[in-house]
Structure formats: structure tokens, C-alpha cells
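Throughout, a chain's letter reflects where its sequence line sits, starting with A, and its residues are numbered from 1.
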Amino acid sequence: LCAAVLLKDTKLMDVKLGQLPTWLAMRDFTPGGILGGLRRGYDRYYNKYINVRKGGLGGISMLLAGYVVISYIWSYSHIKHDRRRKYH
Amino acid sequence: MNLSFFDQFTSPCLMGIPLILISMLFPTLLLPTQTNRWITNRMSTLQLWLASMVTKQLLLPLNKPGHKWALILISLMIFLMTINLLGLLPYTFTPTTQLSMNMALALPLWLATVLLGLRNQPTTSLAHLLPEGTPTPLIPILIMIETISLMIRPMALGVRLTANLTAGHLLIQLISTTAITLLPIMPTVSILTTTILLLLTILEVAVAMIQAYVFILLLSLYLQENI
């Protein structure tokens, strides 16, 4: 009949809700696997927004905005002491 | 107390994991990767144009053996420039405000130029310690002075970069605190302060790029003397 796609190879959006735990268990959570996942994610972003012939300001601005947000999250525990301080 | 003004320079840590490595590696995300295309994306083209313009300018006075240093000098300059400019975004951390990092960059490179000179052409590089045409009685003192100025070069390189960036960031924080605190009290003065802040930010962008360039320029100058 039809060649069913293996559960291991389906994308996240195509996984049925009941199959989610199985799908998660089959993912590669080794350091090499995580690095590979990050690399693939970054390549998808890069090829969609930056690696185009007439890329605009938006592609790199999203990257910088994400960097600012992440830096805020990292320094939050330090900054929260400044909220009610009278003299800075 | 005023302690919080210097908190922006503390090395960021998340549950004990130093995050400075991520701040130093982030510029790699912004620099072009190798492809086998002839016409690359706009970002690559722009950065390549900038890099070639700077390379041609910088390597003009260097002789043939000095051209071997092109890769490390230009990549260091791009590294420093991106790090400095990224530090101007809100909430980000600038690794070049840490003296440790700048000395780690300046000292080995300066030492490399000195050792290269002493190894390949010892007479010429020692001759640089005495400027031409000095009166004879002054020679001993001048040699001592020139030696001291030679020894102080790595310190100057590292501290110059650190001090410029630290001072700039501190000024931005101080003036923005003034502007915000004065807003309910004296709005006119607050608007004046905001104008000053705008000018200062433009200056900081310029300083970020210029300091990186000066670092590399001085290194190439030291290289010219010794290679």
C-alpha cells in the first residue's frame, strides 16, 4: 500500500497527540544530538532569512532582538534588586 | 549605593556556569559561513567588502613576510568590532570590558612581534631603541626610555581598549539614570540630558569601531618595525 513514514522521521507538527511521548523518547538527547538539533534549527533560520540574495534588515534584527531578550533573562536575577531601590 | 553602576561589568553567570563564553561566541552567528555560491547573500557581500577594504588599507605598509599576519589581524579586528558593537545593545555583556580578556589578546601578539624581530633581524630591532640623530650624551638615557616604552606597549594596548569601553558604558548608564530621574522633576533639563545621551550613543558607536581598529593598527605598526 502506501509507504508509511517512520515515527522517528516525522516532523513535530505531523506527530499525533497520542504519539507524542513515544516520539519524544525516540529523539536524540545526547550532547552531539542536541548540538545537531541546534545546528539544524540555526541553519533553517539562516537559510530562510539571511542567506537570500536580497535579504533585508529584518533577518539580522530578529537575531539581535533575541540576543537582547536572552541577555535580559540571564541578568534578571541580578537586575531585580534595582526595582525598588531609591538611590541607584 | 553606587555599587550597582559597576554591576554591568560583572562576568555573567547562570547557576554557576560562566556565560562569557556565549557572549564571545555570539559574533560567529553574525558572520558569513562558507558556501559554494558565486553570489552570496547581502550580509556576506557587505562584510566581505568591508573586510577587503580594511585589509588593503592595513597591509599597505607591510612587506611580504608581514602579509602572513593578515588573517589573524583582520579576524581579530572583526571579532573586536562585533563584540564592541553588540555591547551597545541593552542588557548585553561586553567581554572586552574585562581587562583579562584584552591583556590575553594584546600580550601574546605584542610578544610575538618582539620575538620575531629579535630572532630574524636582531640588529635592526635593537636599533629601533635609538632614534636617528640623537646627540651623543643623550644616548644612554634615551635607550632606557625607549626600552620602557617598548615594555609598556602590551599594557597600553590592553588597558586602552578596556578603559575606553568601560568608560563609555559607565557614562551611558550615568547619563540615562540622570535623564530618567529628572523627568518628573525638571522635564526641560531631562530633555537636554536625553539629547546629550543621543550624542553620547553616537560617540560610543564610533568609539567601539575605532578602538578595535586602533588595536589592530598599532599591532601592525609594531609588526612593521620587527618583520
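Looking at B:N226 and B:L115, their side chains never come closer than 4.5 Å, going by heavy atoms from C-beta outward. B:L118 has its side chain within reach of B:V114: a pair of non-hydrogen atoms, C-beta onward, lies under 4.5 Å apart.
Interface remark: B:T35 contributes side-chain atoms only to the contact with chain A (heavy atom separation under 4.5 Å). Contacts of A:I70 with chain B are absent, with no heavy-atom separation under 4.5 Å from either backbone or side chain. Proximity to chain B involves both the backbone and the side chain of A:I50, based on heavy atoms less than 4.5 angstrom apart. With a 4.5 angstrom heavy-atom cutoff, B:F26 touches chain A only via side-chain atoms.
Heavy-atom contacts from other residues, nucleotides or ligands closer than 6.0 Å to CD1 of B:I152 number 12 or fewer.
For the options A:V68, A:L63, A:N51, heavy-atom pairs under 4.5 Å to chain B are most numerous at A:N51. In terms of heavy-atom pairs under 4.5 Å with chain A, the best-connected choice from B:L30, B:L29, B:L89 is B:L29.
The side-chain hydrogen bond (donor to acceptor under 3.5 Å, both in side chains) with B:N164 is formed by just one residue from the set B:E204, B:H169, B:Q211; it is B:Q211.
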In a table with atom names and distances, give each donor-acceptor pair under 3.5 Å that connects a side chain of residues 98-111 of chain B to protein atoms at least two apart or in another chain.
from   : atom 1 : to     : atom 2 : distance (Å)
B:Q98  : NE2    : B:F9   : O      : 2.8
B:N102 : ND2    : B:T96  : O      : 2.7
B:N102 : ND2    : B:T162 : OG1    : 2.7

Which atom pairs, donor and acceptor, lie under 3.5 Å between side-chain atoms of residues 74-81 of chain B and protein residues at least two apart or in another chain?
from  : atom 1 : to    : atom 2 : distance (Å)
B:S75 : OG     : B:L71 : O      : 2.7
B:S75 : OG     : B:I72 : O      : 3.2

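Nearest approach of B:F93 to B:S11, heavy atoms of both residues: CZ-CA, 3.9 Å. Between B:T82 and B:P27, the shortest heavy-atom contact is OG1-CB, 3.7 Å.
For residues 42-54 of chain B, the interface with chain A (any heavy-atom pair closer than 4.5 Å) comprises B:R42, B:M43, B:S44, sorted by residue number.
Judged as a ring-ring contact (aromatic ring centres under 6.0 Å, His included), and not counting sequence neighbours, the contacts of A:Y45 are A:Y49.
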